[in-house]
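Have a look at the structure below before the remarks.
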Amino acid sequence: MIKFHLKCDQDHQFESWFQSGAAFDKLVAAKMVNCTACGSTGVSKMIMAPAISTSNSIAAPKQADPDLSALKRKVEAHSEYVGGNFAAEAREIHEGTKPERSIYGEANLHEAKKLVDDGIPVMPLPFIPRKKVN
């Protein structure tokens with residue numbers, strides 16, 4: 001996984017995680033990377049320095065910024081949680097055997113890579129989704 005510093009064509013800056021640089025390129029080409037502030041799909045990478053640790057300990061993760069919290073609320077409010085069935089559900093939506101809709105859930109690294117390799121537009125969420133109980 002790699003975290004990119006991104007900028008949209010409206011000058012908003014944000015960060016997001018991707019499986020690889022190639023995965024980012026595929027998702028941008030498919031217009032699946034959206035600005036967290038305005039929703040624009042005109043997104044590009046910003047110049048960034050690599051994060052290198054100078055100590056033997058790993059720093060605790062930073063608290064989610066307010067924009068990330070808003071994105072999380074928006075995804076959970078406007079998408080259907082499909083749990084561990086995410087890969088199969090995304091594939092069926094892509095193939096047209098299930099109705100098109102926004103979904104989120106879990107997929108292991110192998111499943112996620114297979115979806116991207118098969119040209120199915122998916123992206124990792126920059127947060128841990130709240131699991132919904134039906």
>> Could you check whether any side-chain N or O of Thr97 sits under 3.5 Å from a backbone N or O of Glu92, counting only pairs where one atom can act as donor and the other as acceptor?
In response: yes

* For Glu95, does the CD atom sit with more than 12 other heavy atoms under 6.0 Å from it, leaving out its own atoms? -> yes

Candidate pair Met46 and Gln13, rule side-chain contact (heavy atoms from CB on, under 4.5 Å), full reasoning:
CA-CA 9 Å; Met46 294 178 55; Gln13 297 179 17; 3.5 Å; yes

Interatomic distance, NE2@His94 vs CD1@Ile120, rounded to 0.5 Å, equals 5.0 Å

Value for CD (Glu15) from NZ (Lys3), rounded to nearest 0.5 Å, stands at 4.0 Å

So side-chain hydrogen bond (donor to acceptor under 3.5 Å, both in side chains) across residues 109-121, not counting sequence neighbours, yields Arg91-Asp118, Lys113-Asp117, Lys114-Asp118

CG (Leu71) and CG (Leu125) are apart, to the nearest 0.5 Å, by 7.5 Å

The complete set of side-chain hydrogen bond (donor to acceptor under 3.5 Å, both in side chains) pairs with one or both residues in residues 34-45, sequence neighbours excluded, reads Asp9-Ser40

What one should report as the nearest heavy-atom pair of Ser102 and His78 is CB-O, 3.8 Å

In short, Met123 meets Met32 closest at the heavy-atom pair SD-O, 2.9 Å

dist Leu6:CG -> Ser16:OG (nearest 0.5 Å) comes out at 6.5 Å

Shortest non-hydrogen pair, Ile103 vs Ala90, comes out as CD1-N, 3.7 Å

Rounded to the nearest 0.5 Å, the OG atom of Ser79 sits from the NZ atom of Lys74 at a distance of 9.5 Å

Tightest non-hydrogen contact, residues Cys35 and Val43, listed as N-CG2, 4.1 Å

Assert yes or no for the condition that the ring centre distance of Phe86 to Tyr104 is strictly below 6.0 Å.
no

Those residues at least two apart in sequence (or on a different chain) that pass ring-ring contact (aromatic ring centres under 6.0 Å, His included) with Phe24 are Phe4, Phe18

Would you say Ile2 ends up clustered with Leu27 if hydrophobic residues are merged whenever their side chains have heavy atoms under 4.5 Å apart, either directly or through other cluster members?
yes

Between Val82 and Arg101 the two heavy atoms that sit nearest each other are CG1-NH2, 4.5 Å

>> Within the structure provided, determine whether Glu89 and Lys98 are in side-chain contact (heavy-atom separation under 4.5 Å).
In response: yes

